[in-house]
Amino acid sequence: MSTPGPSFTACPKCAHAPLPADQSLPAACPACGLILAKFGAAPPPRRAVDSEPADDAPGRIGQFIALATHVPARVDPVAFWVRAALLALFALWGLRLIAMDYH
């Protein structure tokens with residue numbers, strides 16, 4: 001015995017209406033053939049969403065800026081100088097590659 005599935009008023013895939021009253025297996029959408037009982041539960045109705053985000057939740061751009069400009073309270077001097085040397089090395093290597101002839 002199959003359990004009663006969700007009841008759709010319109011097809012969730014193609015929005016065709018009306019659908020069969022008994023939507024248990026093997027009921028399908030007459031337009032696209034979607035098996036209604038296998039699709040899943042009907043989504044809850046959408047709530048109205050404010051157009052502006054809340055002040056306490058920064059957007060993705062704000063999160064990126066905070067991550068990019070973060071400076072820790074203490075910076076290890078050895079790690080700093082190793083990173084500075086690697087930056088200089090890669091800069092010189094990039095300038096050498098730019099100056100090379102591509103022919």
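Note that this is a predicted model, so its numbers are computed, not measured. Only this structure's heavy atoms are used, side chains among them; waters, hydrogens and symmetry mates stay out.
Shown here are the side-chain contact (heavy atoms from CB on, under 4.5 Å) partners of A10, two or more places apart in sequence or in another chain: A17. Partners of V71 under the side-chain contact (heavy atoms from CB on, under 4.5 Å) rule, at least two apart in sequence or in another chain, do not exist in this structure. By the side-chain contact (heavy atoms from CB on, under 4.5 Å) test, W93 pairs with F90, L97, sequence neighbours left out.
Between atom NE2 of residue H70 and atom CD1 of residue I65 there is a gap of 15.5 Å, rounded to the nearest 0.5 Å.
Hydrophobic cluster membership of V75, counting Ile, Leu, Val, Met, Phe, Trp and Tyr whose side-chain heavy atoms lie under 4.5 Å apart directly or via other members: F80, W81. Under the 4.5 angstrom side-chain criterion for Ile, Leu, Val, Met, Phe, Trp and Tyr, I98 has no cluster partners at all.
Taking 4.5 Å as the limit, some side-chain heavy atom of L34 sits within range of a side-chain heavy atom of P12.
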